[in-house]
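Here's the structure we're looking at; comments come further down.
One-based numbering, in listed order, for ligands and for the atoms of each.
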Amino acid sequence: MEAVQAQVISHYRSELVDRIRANGRVLSADGLLTVKLAKEFGFCYGVERAIDLAYAARKVFPPPKEIYLLGEIIHNPEVNDQIRNMGIQTIPPKPTDADLGRLSSNDVVIIPAFGTEVGTRKKLEEKGCIMVDTTCGDVMSVWKRVRQYSKESVTSIIHGKAKHEETKATTSQATAYGSGHYLVVFNLAETDYVCNYILNGGDKQEFLDKFKGAFSPGFDPAVHLQAVGVANQTTMLRGETEEVQRRFKAAMEKKHGAERLSHHFRFFDTICGATQDRQDALEKMLKEPMDLLVVVGGYNSSNTSHLAEMGEAKLPTFFIKNAAKMVSDRLIVHYNQHIGKEVETRDWLPSGKITVGITAGASCPNNLIEDAIRRMFELKGVSVQELLAD
Ligand code: SF4
């Protein structure tokens, strides 16, 4: 790991970002543009470790040894391209038997930071592949909690995105040992629907249709919502997760009585520290006067999309994956997570003196944040080079 850290730093570090950080997190061209960085942003410890391990794997197993990666190492396209440039090949996060047929017992397989499903790991172990497991410790703590629920015949209610790799890995833990069940709820509307079912019953088929793909095989809402334990994908919005817990707790208390609550309800806070720090830092920055917010990161990154959501609630916010999306001062192409695609906004950069906040998700390297800062000044006609030389 130590031997590759210099290489990792050379790929993803930014002297400009370090300098702005050391300078109160502000870079200003008087009269035109002030850029503010959130106190916490960018790479988290879990992502740094996953990248270091992938680089280390390439060093320990140089070509012609084959190295495969299950899906993406993290949710950032530039970082994944870099990993592919090192000759690490990608196979689907949930490989089919045909995908596995390509692998031989001597091949190396990297498990990404969000982990993998129990069944996939088992198949790779049976095949005799050499595993480089970069699963983040915070994700593993959620698994531990879910396995505990499962042992106690408590259904895991997972606040998360059912299709996200981390949530898929977590749900596989719920059913791997014993007779566990799970249900994934994405938001408060889905939470209310389930709570209403707990309290008043309802149409079972409608329930199953609504949550298709988000519950365990054989799940029956009339049977498996008698005792529930709440856990979450590590990168959800903390406030929303707390509300999900509160609503389930209230429903169970109303149905079973306060004295029986411990038999029917459990919860555990499984938002990771890094996600929390980035959300807290943005919340604080959003209290300061700013004209707009730029959020840099991969569009499939859960923690980044939540930062964008927080920004949207307060001011014009643009979620971009790289600086090239700031096409000109008249046009920006940015991701609209509510419709799941990029959209164009014209006249996005106000003329005159403005303050722009910048933050980035846990999977975004500092060099991409630097590009965004440089582009912003460029669009205002200011050379960062000259600005720093002053
Ligand atoms: S966001 Fe949190 S859970 Fe995900 S890799 Fe980073 S530290 Fe781990």
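Between His11 and Tyr55, the ring center distance clears the sub-6.0 Å criterion.
Inclusion of Cys272 in the first shell of atom 6 (Fe) of ligand 1 is not supported: no N, O or S atom falls under 2.8 Å. When distances to atom 2 (Fe) of ligand 1 are checked against a cut-off of 2.8 Å, Cys136 contributes no N, O or S atom below that limit.
At least one donor-acceptor pair closer than 3.5 Å links the side chain of Glu166 to the backbone N or O of Thr234.
In terms of protein heavy-atom proximity, atom 7 (S) of ligand 1 is nearest to Tyr45 CE1, 3.4 Å. Cys44 SG, 2.3 Å is the protein heavy atom nearest to atom 6 (Fe) of ligand 1. When only non-hydrogen protein atoms are considered, atom 4 (Fe) of ligand 1 lies nearest to Thr234 OG1, 4.1 Å.
A salt bridge (charged side-chain N to carboxylate O under 4.0 Å, His left out) with Glu288 holds for exactly one of Lys39, Lys314, Lys36; it is Lys36.
Shown in contact with Thr275 at under 4.0 Å from a heavy atom are these atoms of ligand 1, numbered in order with element: 1 (S).
Side-chain contact check for Lys341 versus Asn336: every heavy-atom pair is 4.5 Å or farther apart.
The pair Lys249-Glu253 fails the salt-bridge criterion, with no side-chain N (NZ, NE, NH1 or NH2) lying under 4.0 Å from an Asp/Glu carboxylate O.
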